[in-house]
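Here the structure is laid out as structure tokens; the discussion comes afterwards.
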Amino acid sequence: MKFSDYNIADEIKQQLNDLGFNKPTDIQFKAIKHILDGEDVMAIAQTGTGKTAAFAIPTLDRIYRNKNKYKKSGIRCLVMVPTRELAKQIAKVYQDIGKKTNVKTFGLFGGVEQEQQIRTLDNGIDILVTTPGRMFDLISQKAIVLDNVEFLVLDEADLMLDMGFAKDIQDVMRFIPTKRQTLFFSATISKKIKSLAYDVVKNAIRIQISPKNPVAKTITHTILDVEMDDKRFFLENIIKENEEKKMVVFARTKVRVERIVAAMERVAISSEALHGGIDQKERFAILERFRTGENKILITTDVACRGIDIPSVDCVINYDLPDNPENYVHRCGRTGRGKNRGQALSFCSESERELLLAIEEYTGDRIDRYDLSQGEYYEILNDSDDGSYNWKKLIEEENKFKGTDTEW
Ligand code: ADP
Ligand code: MG
């Protein structure tokens with residue numbers, strides 16, 4: 001089936017064609033018809049399989065068709081997402097797909113000034129894509145009215161529930177008419193979240209693609225045994241051997257991210273840090289420089305592990321293994337998107353063995369180990385351009401950071 005065969009508005013079909021979307025992906029094929037039929041949907045599908053358009057196409061179509069019939073203005077579709085980067089990205093997908101329609105989408109998030117956002121909301125929008133914090137703030141200021149919402153979409157829904165927003169989501173549902181469609185999308189769903197999720201979408205059609213293995217098939221996975229203190233030399237080596245490649249490097253905390261950027265700088269590798277401690281405008285600019293390729297090495301925390309869609313990422317490096325096995329799937333999912341192939345390489349130190357076991361248990365697969373002889377291992381250490389590094393300074397730096405490190 002092609003998009004041209006669908007019962008959706010011509011303006012949307014033409015635009016999908018212009019965007020190069022001809023055939024629906026698996027999840028789009030399975031979800032769109034139910035959403036058009038007015039049903040609630042809970043969809044679990046691997047990273048990079050086109051979940052955004054799976055909810056954006058049918059919700060846009062419904063709103064566009066009814067736009068002239070609506071008696072009152074107001075927000076028709078509320079899309080809630082866990083990070084600011086994602087709010088911006090998903091609003092853009094709606095704007096792109098809806099380009100030939102008169103449907104207005106707005107991406108709302110914290111960390112930037114409110115005045116302009118309130119003005120845009122006052123002028124009237126149809127679709128609001130937002131992070132919970134700023135949304136609740138503006139609801140309490142009466143700048144957001146949800147009386148006319150027909151669609152509630154939760155993307156990366158499991159994380160939204162897990163971040164402690166479960167009660168907030170229940171609360172927000174009280175502001176939204178009970179006669180609405182609820183759409184729940186994620187790549188993973190943990191046992192812990194399942195019952196909460198079923199409370200949110202009660203009689204939903206459940207669609208799960210490849211339920212046994214949440215890991216995208218387009219990604220090759222490898223583990224490299226590296227001692228904690230040697231990780232930076234290995235990262236240096238990998239980056240220098242793959243100069244042209246675009247990589248996302250995940251580390252456990254903000255401070256570790258900054259340290260890795262500094263360590264790379266010492267060996268003349270330019271990279272940029274992205275984490276929750278950086279000013280929001282700068283965060284967007286950093287992501288944009290990575291998107292355009294101006295910067296090829298993005299070093300980040302789990303703040304960037306969900307949903308970010310940059311099609312040309314060649315490789316994900318887990319400099320530190322994630323504490324939460326689901327985040328392994330999400331981090332690796334930043335590469336190998338759509339039909340592209342990608343590589344995921346994870347450093348595993350002695351102290352991270354248990355995390356690795358938890359990941360393998362979760363994904364149901366043993367990940368291949370990179371076979372490195374002791375000789376090769378030491379050669380990588382010796383090859384480093386960081387030989388002149390002053391160990392005393394390193395210890396001082398270590399002490400300075402001690403006790404100040406926080407997550408994301
Ligand atoms: P997910 O949310 O499942 O991780 P996204 O919705 O971010 O994935 O989509 C991944 C990529 O696939 C995006 O770059 C998007 O433009 C592309 N894409 C989505 N649907 C189609 C389609 N039907 N045809 C071609 N490309 C598509
Ligand atoms: Mg997504």
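Since we're looking at a predicted model, the values are computed, not measured. Whatever order the structure lists them in is the order used to number ligands and atoms, beginning at 1.
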> For ligand 1, is there an N or O atom under 3.5 Å from any N or O atom of Gly48?
Replying inline: yes
> Of the protein's non-hydrogen atoms, which lies at the shortest distance from atom 18 (N) of ligand 1, and what is that distance?
Replying inline: Phe21 CZ, 3.4 Å
> Above 12 or not: heavy atoms from other molecules or residues under 6.0 Å from OH of Tyr378?
Replying inline: no
> Can you find a side-chain donor-acceptor pair between Thr182 and Arg180 that sits under 3.5 Å?
Replying inline: yes
>> Within ligand 1, which atoms have a heavy atom of Thr47 less than 4.0 Å away?
In response: 4 (O)
> Polar-atom distance check: Gly50 versus ligand 1, any N or O pair below 3.5 Å?
Replying inline: yes
>> For Phe185, state whether at least one heavy atom is located under 4.0 Å from any atom of ligand 1.
In response: no
>> I'd like to check which ligand 1 atoms, numbered from 1 as shown, lie under 4.0 Å from a non-hydrogen atom of Gln46.
In response: 3 (O)
> Does a side chain donor of either Tyr64 or Asn102 reach within less than 3.5 Å of an acceptor in the other side chain?
Replying inline: no
> Is the number of heavy atoms from other residues, nucleotides or ligands within 6.0 Å of OH (Tyr370) greater than 12?
Replying inline: no
> Nearest non-hydrogen atom to atom 3 (O) of ligand 1 belongs to which of Gln28, Lys51, Lys2?
Replying inline: Lys51
> Are the charged groups of Asp37 and Lys33 less than 4.0 angstrom apart, N to O?
Replying inline: no
>> With heavy-atom distances below 4.0 Å as the criterion, list the atoms of ligand 1 near Thr49.
In response: 1 (P), 3 (O), 8 (O)
> Is the closest side-chain donor-acceptor distance between Lys100 and Gln15 under 3.5 Å?
Replying inline: yes
>> Using heavy-atom distances only, which candidate in His330, Gln89, Lys23 approaches atom 23 (N) of ligand 1 most closely?
In response: Lys23
>> Surrounding CD of Glu376 (heavy atoms of other residues, nucleotides or ligands, distance under 6.0 Å), is the total greater than 12?
In response: yes
> Right, does atom 12 (O) of ligand 1 have protein non-hydrogen atoms nearer than 4.0 Å?
Replying inline: no
> Looking at atom 7 (O) of ligand 1, what's its closest protein heavy atom, distance included?
Replying inline: Arg337 NH2, 2.9 Å
>> What I want to find out is whether Asp61 reaches Lys13 closely enough, with some N-O distance under 4.0 Å, to be called a salt bridge.
In response: no
>> Tell me the nearest of Asp309, Leu16, Thr52, Ile310 to atom 14 (O) of ligand 1, using heavy-atom distances.
In response: Asp309
> Looking at Glu352 and Arg252, does any basic side-chain N land under 4.0 Å from a carboxylate oxygen?
Replying inline: no
>> I need the atoms of ligand 1 closer than 4.0 Å to a non-hydrogen atom of Phe3, numbered in the order shown.
In response: 23 (N)
